[in-house]
Protein chains: 2
Amino acid sequence: MYLKNPDTSELGNSIISNSIELIDELGFEKFTFKKLSIKINSPESSIYRYFKSKHTLLIYLTSWYWSWTDYRLVLTTININSPKEKLKRSLNILTEPVLEDKLVSYVNEVLLHKIISTESVKAYQTKDVDEENKNGCFTTYKNVVNQIANLILEINPTFKFPHMLISTVVEGSHRQRYYSAHIPSLTDTKSNEDVISKFYSELVFKMIK
Amino acid sequence: MYLKNPDTSELGNSIISNSIELIDELGFEKFTFKKLSIKINSPESSIYRYFKSKHTLLIYLTSWYWSWTDYRLVLTTININSPKEKLKRSLNILTEPVLEDKLVSYVNEVLLHKIISTESVKAYQTKDVDEENKNGCFTTYKNVVNQIANLILEINPTFKFPHMLISTVVEGSHRQRYYSAHIPSLTDTKSNEDVISKFYSELVFKMIK
DNA sequence: GCAAATATAATAGCATTACTATCATATATG
DNA sequence: CATATATGATAGTAATGCTATTATATTTGC
């Protein structure tokens, strides 16, 4: 996923934090290593020592996001016994926007979440998926989905499509948030209300009943 | 959406039919007008007379797909009175893969559907959405969603999120088909079974009940 | 049937993108 | 203090995403 681990050096940290800001600002297609190199005041070639392309950088960011989400899922479900309550809390983590930026100094988690919800499709939806999947590029996301799928099976062991349900909910909620801001006729909510999270929670509980 | 209407000339037709094949073959990011120009044996500059970029070509194809889908929706629901039956049939059109290629000589609808389901996200998920949306680039898709949303309201006039539900179903089913072929841990089906369509129909009917 | 309009071909060019390579210098480590 | 490692500075290259120009076909309107 990376050529050199970006959290082992200052330059690496700077690449991560500034790429998050720049991708958020420009969008993934207009984001380039050249522009990033100007922003971080280092030669382009130094960035290439960490990541072999902007595509693998996006995969790295996506993967980072999902391990971080996994960690947050553990935190909100710890010491809670009821599987239903666990699921409810987990779904909130998955479908609500991230509002605070605290954990890791060089990562703005609020912006990272924004990027993931709008740009991460572009990380999997390419002709290289199969190979990248083989190399474990998507394991952190798959783990999260799988974990919640197991929670669902605790509640209803006969439910046949827990993975399908969860990935639908995760990506659906990202998409709906985007639509409410940009293509409102594809949704039923203005960007200020918070209806999306409730909609998807309801969807899950109705489906597994 | 286009600079010159591609269905008014042979070259235009050739651009459309060959771009569908080439995007399917290479994926959208590796597809270029240069490669297309070699395939159709015409200079690159001629393609630029029809479309100002590969991005607007993708928008054109997406838009074409949704008007065609609209037409198919009319066909399958005509003369049917029960709104529930109408909805059921419409959902099949929206969630099942396209298997036959008949309507328009220069468009391979089977391949077009494949492209739409894997690549069309890249048509809306960019920094230019707002302007493109203003210019009506997404109206054909919005029309389809809106039409089915109205059907839902016929069945349950108090349901609050028909657009959200339908866009979730449409895009979810595309996504799940992709996952079953490429990232199976994110779904619960092998690419040969047909479980996806049923899952999303059930989802709709459970939600609007 | 001819002039004018329109469409396409042929060719060139240019800034940007996505890299790779090389060599020098700074910094860390053993 | 030597050596390894990380970064900087600079150059270069093929491909991408266009725009421009001129020439040659083809269609159309009178």
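Throughout, a chain's letter reflects where its sequence line sits, starting with A, and its residues are numbered from 1.
Between A:Phe51 atom CZ and D:dA6 atom P there is a gap of 15 Å when expressed in whole angstrom units. The OH-C1' distance, from A:Tyr48 to D:dT10, rounds to 16 Å in whole Å. Atom CG in B:Leu11 sits roughly 15 Å away from atom C1' in D:dT27 (whole-Å rounding). In this structure, CD1 of A:Ile38 is placed 15 Å from C1' of D:dT10, rounded to the nearest angstrom. One interatomic measurement links the two molecules: CG of B:Leu26 to C1' of D:dA15, which rounds to 14 Å at whole-angstrom precision. Whole-Å rounding puts the B:Leu36 CG to D:dA15 P distance at 18 Å. Here D:dT16 presents its C1' atom at 13 Å from CZ of B:Phe28, a figure rounded to the nearest Å. Per the geometry, NZ belonging to A:Lys34 stands 13 Å off P belonging to D:dG8, to the nearest Å.
Side-chain atoms of B:Tyr141 and B:Ser167 include no donor-acceptor pair closer than 3.5 Å. If you check the side chains of A:Glu132 and A:His55, you find a donor sitting under 3.5 Å from an acceptor. Side chain to side chain, A:Tyr50 and A:Ser9 meet the donor-acceptor criterion of an N or O pair below 3.5 Å.
Put simply, chain B comes within 4.0 Å of DNA chain C, heavy atom to any atom, from C:dA7 to C:dT11, going 5' to 3'.
Mapping A:Phe33 and B:Tyr50 onto DNA chain C by nearest heavy atom places B:Tyr50 closer to the 5' end of the strand. Comparing B:Lys52 and A:Lys4 along DNA chain D, the residue whose closest nucleotide (by nearest heavy atom) sits nearer the 5' end is A:Lys4. Comparing A:Ser9 and B:Phe31 by the nucleotide of DNA chain D that holds the closest heavy atom to each, the one mapping nearer the 5' end is A:Ser9. Nucleotides of DNA chain C nearest to A:Lys30 and B:Ser45 differ in position, and the one nearer the 5' end is that of B:Ser45.
No salt bridge links A:Lys122 with B:Glu29; every basic N to acidic carboxylate O contact stays at or beyond 4.0 Å. A salt bridge links A:Lys39 and A:Glu21; the closest N-O separation between the charged side-chain nitrogens and carboxylate oxygens is under 4.0 Å. Between A:Lys127 and B:Asp24 there is no salt bridge, since no side-chain N of the basic residue sits under 4.0 Å from a carboxylate O of the acidic one.
Not one side-chain nitrogen or oxygen of B:Lys54 sits closer than 4.0 Å to the OP1 or OP2 atom of D:dT16.
Here the OG atom belonging to A:Ser90 is positioned 11.0 Å from the CZ atom belonging to A:Arg72, to the nearest 0.5 angstrom.
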